[in-house]
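In what follows, a single structure is set out as C-alpha cells and then discussed.
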Amino acid sequence: MKIQDVLRQDVMLLDLQAETKEAVIDEMITSLVEHGVISDFAAFKTGIMNREAQTTTGLGDGIAMPHSKNAAVEQATVLFAKSNKGVDYESLDGQPTDLFFMIAAPEGANDMHLAALADLSKYLMKPGFADKLRQASSPADVMAVFDETEIADKVDDSASTKIDERDFIVAVTACTTGIAHTYMAEEALKKQAAEMGVDIKVETNGASGVGNRLTAADIKRAKGVIIAADKAVEMARFNGKPLVSRPVADGIKKTEELINIVLKDKASLYQAREGADLEATSEPLGLGKAFYKHLMSGVSQMLPFVIGGGILIALAFLIDNVLGVPQDQLSSLGSYNELASMFMQIGGAAFGFMLPLLAGYIAYSIAEKPGLIAGFVAGVIAKDGLAYGKIPFGAATGDLPTAVSSGFLGALVGGFLAGAIIIGLRKVLANLPKSLEGIKSILLLPLLGAMVTGFLMFFINIPMAAINTGMNHFLGGLEGSSAILLGLVLGGMMAVDMGGPVNKAAYVFGTGTLAATVANGGSVAMAAVMAGGMVPPLAVFIATLLFKDKFTKEERNSGLTNIVMGLSFITEGAIPFGAADPARAIPSFVAGSALTGALVGLSGIKLMAPHGGIFVIALTSNALLYLLFVLIGAIVSGLLFGALRKAK
C-alpha cells in the first residue's frame with residue numbers, strides 16, 4: 001500500500017490556527033470527527049495523549065507524527081496539517097513544529113496502514129521533501145509532491161548499482177509502539193549510510209512484526225551492528241559482533257555518530273546471555289528504576305489472576321450472604337452453599353497463582369528463563385510455607401510444627417533473591433568446559449537455582465512471615481487516626497501520576513493485602529486505593545460540567561467519557577487533563593483522592609475485589625457510604641480544578 005491510499009485530501013488542514021501542542025491535536029481530531037473518520041473524540045484523544053506521555057512524536061526538523069491505534073477509528077487515515085507559524089510541540093530537537101501527520105488506525109485493522117506509515121517515513125527523510133510540503137497551498141499540491149517524489153525514486157532505483165567494496169553494517173530499529181519512530185530511524189540510517197558510502201541493511205521491529213529480517217549471512221558479513229530500540233529485540237544472534245545500542249531517537253537524530261562508532265571500531269563486542277531470547281537494549285538503569293521495572297514485570301503477570309480469582313472468591317461470599325448461612329456454620333461462609341463453593345474453588349485456583357507468578361516473573365525479568373523456575377519455587381514456598389519442625393535446625397527457630405508462609409512480602413523478596421542467585425550462578429559457571437555449555441541453561445542453572453533459592457527461603461521465610469503477619473494484624477486493627485492516615489496516603493498516591501509508578505506502588509500495596517484479608521471481608525487498604533483511583537476521572541467530569549467557560553467543547557465531551565472511566569476505576573482517563581495542566585490538575589486530583597481515602601479509612605470500609613469500580617460495589621462492606629465518599633472526593637477535586645483553571 002502507498003501512503004497516498006490513506007492520505008485523504010478532504011481532512012487536510014493547511015492553515016492550523018492552534019498555538020499549543022494540545023490545541024493542535026484537538027484541531028486535527030476535530031477534522032477527523034467531522035469527516036467520519038473518528039466516532040469518539042475523547043477516546044481517540046486519550047489514545048493520542050497516552051502515546052505522547054510515553055515519548056513525544058515530535059520527531060524534529062519541524063515534523064510531528066501523532067498516532068493511535070484505536071477502537072474509535074472507523075477507517076485507516078492519515079491527516080496532513082500545516083502550521084504557518086510553527087508550534088512548540090516538545091520535539092526531540094526542541095525546535096518549533098509546522099508539519100503534522102496524524103495517523104488514525106482502527107483497533108482491529110490489518111497491517112496495511114503500517115505499511116503506508118513506513119512509506120510515509122521514507123518520504124519525510126528525503127532531502128527537500130519537507131520544504132516542498134511547506135510550499136504546498138492546496139490538498140492537490142500535497143498529493144502532487146508525493147506523486148512526483150515517487151516517480152523520481154523509481155528513476156533513482158533503476159540507475160543505482162551496488163558497490164561490493166564498501167563497508168557493510170546491519171541495524172535493528174524498534175520503538176515501544178512499533179509505528180512512527182521505528183520506520184523513521186530505518187530511513188534515517190539508510191540515508192546517512194548512503195551519504196557516507198556505506199552499505200546497510202535495517203531490520204524493523206514494528207507493530208506489524210519483523211520487517212526486512214537480518215539473515216545469518218547478513219550478520220556474519222557485517223562489520224558491526226547498530227541497535228536503535230526502546231524495547232527488547234532478538235539479540236542472541238549478534239553474539240561476538242561489535243555492537244552499539246542506543247534509544248530509537250538516536251537512530252533518527254544521531255545516525256552519523258552511530259555509524260562512525262561501528263566504522264572506527266569503537267563498538268564493544270556483544271556477549272549474549274544464556275537463555276535470553278529477547279533482551280532489552282536500553283542503557284543500564286539506576287537501582288530504583290531497575291527495582292521498579294522488575295517489580296512491575298512480576299505484578300503485570302500476576303494481576304489478571306488476582307483480579308479474576310479475587311472477584312470470584314468475593315462473589316462466593318456474596319452468594320452465601322444472599323442465600324443465607326446458619327449461625328453455627330459461619331465458619332464456612334463462602335463455601336457453605338453449593339454454588340458459592342463452586343465459585344470459591346474456581347477463584348481459589350486462580351488466586352493461588354498470585355504469589356508464584358509474582359516471584360517467578362520478577363526473577364524472569366532479572367535473569368530470563370533460568371530465573372523462572374527459581375522464582376516459582378520461591379513464590380510457592382512463600383505461599384504454602386515450610387514445616388520447620390521437620391528439619392534439623394527446627395529447634396533454633398522455635399521448633400515450629402506447622403508450615404510458616406510469608407505471603408506477599410516473602411514472594412516479593414524471593415523473586416529478587418531468585419534472580420540474583422541465577423546471575424551469581426552464571427558467573428560461577430562462566431568457565432565451564434565448552435562441552436558442558438549445552439546443559440548449563442537447561443539443567444545446571446534451573447537445578448542449582450531452585451535448590452539454592454529453596455534453601456535460602458528457609459531462612460528468609462521466618463522474618464518475612466513475621467513482617468507480613470504484623471502488617472496484616474496492623475491493617476486488620478486499624479481504626480481512628482491510623483486508618484485515616486493510611487487511607488489518605490494511599491488515596492492521594494493514586495492521583496499523583498494516574499497510572500504511573502506512584503499510582504502503581506499504591507495499587508500493588510493494596511492488592512498485596514488481599515490474600516490475607518479476602519476471607520475476612522476484604523481489605524481497608526484496597527478499598528482506599530480503588531476509591532482514590534476513581535476520583536480523578538469523575539473530577540474531570542464535574543469540572544467540565546460546572547466550569548464550561550474554562551474548557552473547550554472537545555474537553556467537555558471528554559469529561560462525559562470520564563464518567564465511565566471513573567466509575568470503572570480507570571484513573572488513566574484523567575491523564576490528558578493532568579498532562580495539559582499539571583500545576584493545577586494534579587494537586588486538585590490529589591486533594592480529592594486523599595480525602596476519599598481518608599474517609600474510607602475512617603469508616604473502616606473493606607473491599608474484597610482488586611478491581612472493577614462500581615461493578616464490584618456489592619463486594620464492599622458498605623456500598624452506599626463508599627459511593628458517597630467517592631462522590632465527595634470527586635466534587636472537591638472538580639471544584640478545585642475548575643476554580644484554578646484559566647478561562648479559555
Side-chain angles (χ1 to χ4, degrees), residues 1-49 51 57-59 62-87 89 97-124 129-151 179-180 183 552-555 557-558:
M1 173 185 275
K2 299 189 301 182
I3 183 61
Q4 292 94 317
D5 295 331
V6 289
L7 185 65
R8 287 176 45 171
Q9 296 188 48
D10 57 336
V11 300
M12 291 184 185
L13 300 169
L14 299 186
D15 186 16
L16 280 171
Q17 299 301 304
E19 298 181 353
T20 65
K21 177 176 180 176
E22 186 172 4
V24 166
I25 290 172
D26 287 345
E27 192 171 342
M28 289 191 287
I29 297 177
T30 298
S31 178
L32 293 175
V33 171
E34 290 175 347
H35 290 86
V37 177
I38 302 297
S39 61
D40 187 330
F41 181 101
F44 186 71
K45 181 178 178 180
T46 297
I48 289 288
M49 298 305 291
R51 176 61 186 85
T57 57
L59 304 172
I63 299 169
M65 295 174 66
H67 51 270
S68 176
K69 191 172 184 179
N70 197 291
V73 180
E74 301 294 335
Q75 180 182 4
T77 300
V78 175
L79 177 153
F80 170 69
K82 182 172 62 169
S83 170
N84 294 320
K85 301 176 182 178
V87 176
Y89 199 83
T97 301
D98 60 347
L99 300 179
F100 303 88
F101 290 88
M102 177 168 279
I103 299 114
E107 192 171 54
N110 57 26
D111 297 329
M112 296 175 65
H113 65 285
L114 293 175
L117 176 57
D119 196 31
L120 171 61
S121 301
K122 295 173 183 178
Y123 277 110
L124 292 174
F129 181 81
D131 290 334
K132 292 179 181 178
L133 288 179
R134 292 184 175 97
Q135 296 168 9
S137 58
S138 69
D141 290 344
V142 174
M143 301 303 292
V145 172
F146 279 93
D147 292 338
E148 292 168 2
T149 305
E150 180 184 10
I151 294 172
I179 302 183
Y183 302 105
T552 65
K553 180 180 178 182
E554 292 76 16
E555 287 173 330
N557 290 336
S558 180

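Heavy atoms only: backbone and side chains are in, while hydrogens, waters and symmetry mates are out. In this chain, residues are counted from 1 in sequence order.
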Quiz prompt | Val11 versus Val78, closest heavy-atom pair with distance | solution = CG2-O, 4.3 Å
Self-check item: Any side-chain heavy-atom pair of Ser137 and Leu14 under 4.5 Å
Solution: no
Exercise. Could you point out which residue of Phe44, Tyr89, Phe100 forms a side chain to side chain contact (heavy atoms under 4.5 Å, CB included) with Ile25?
Key: Tyr89
Practice problem: Taking atom CD of Glu19 as the centre, report whether more than 12 heavy atoms of other residues, nucleotides or ligands fall under 6.0 Å from it. | Solution: no
Practice problem: Determine the minimum heavy-atom distance between Ile63 and Ala130, stating which atoms define it. | Solution: CD1-CB, 4.4 Å
Quiz item: Can you name the closest pair of heavy atoms from Gln75 and Pro106 and give their distance?
Solution: C-CG, 4.0 Å
Quiz prompt | Donor-acceptor contact present, side-chain Glu74 to main-chain Gly36, <3.5 Å | solution = no
Quiz item: Given side chains that start at C-beta, do those of Leu32 and Phe41 come closer than 4.5 Å, heavy atoms only?
Solution: no
Self-check item: Ring geometry between Phe129 and Phe146 (parallel below 30°, tilted from 30 to 60°, perpendicular above 60°)
Solution: perpendicular
Quiz item: Between CD1 of Ile103 and CZ of Arg51, what distance do you get to the nearest 0.5 Å?
Solution: 10.0 Å
Quiz item: Under 3.5 Å, side chain of Asn70 to main-chain N/O of Ala43, donor-acceptor pair present?
Solution: yes
Exercise. Check for a donor-acceptor pair, side chain of Ser39 on one end and backbone N or O of Ala72 on the other, with a separation under 3.5 Å.
Key: yes
Exercise. List the steps and the verdict of side-chain contact (heavy atoms from CB on, under 4.5 Å) for Val87 and Asp98.
Key: CA-CA 6 Å; Val87 176; Asp98 60 347; over 6 Å; no
Quiz item: Side chains of Met28 and Pro66: does their closest heavy-atom pair fall under 4.5 Å?
Solution: yes
Quiz item: Nearest heavy-atom pair of Leu13 and Glu27: which atoms, and what distance?
Solution: CD1-O, 3.7 Å
Exercise. Indicate yes or no for a side-chain donor-acceptor contact from Lys45 to the backbone of Asp26 under 3.5 Å, with no hydrogens or angles considered.
Key: no
Quiz prompt | Approximate separation, where rounding is to 0.5 Å, of Ser138 OG and Gln9 CD | solution = 8.0 Å
Practice problem: Grab the two heavy atoms, one from Ala18 and one from Val24, that are nearest each other, plus how far apart they are. | Solution: CB-N, 3.4 Å
Exercise. Please assess Val145 against Asp141 for the test side-chain contact (heavy atoms from CB on, under 4.5 Å), listing each intermediate value before the final yes or no.
Key: CA-CA 6 Å; Val145 172; Asp141 290 344; 5.6 Å; no
Exercise. Go through the steps for Leu133 and Phe101 under the test side-chain contact (heavy atoms from CB on, under 4.5 Å), then give the verdict.
Key: CA-CA 12 Å; Leu133 288 179; Phe101 290 88; 3.7 Å; yes
Exercise. Give the intermediate values and the outcome of side-chain contact (heavy atoms from CB on, under 4.5 Å) for residues Leu79 and Val37.
Key: CA-CA 10 Å; Leu79 177 153; Val37 177; over 6 Å; no
Self-check item: Rounded distance [0.5 Å steps], NZ in Lys82 versus CG in Leu16
Solution: 10.0 Å
Exercise. Please report the closest heavy-atom contact between Ile38 and Ala104, naming both atoms and the distance.
Key: CD1-CB, 4.1 Å
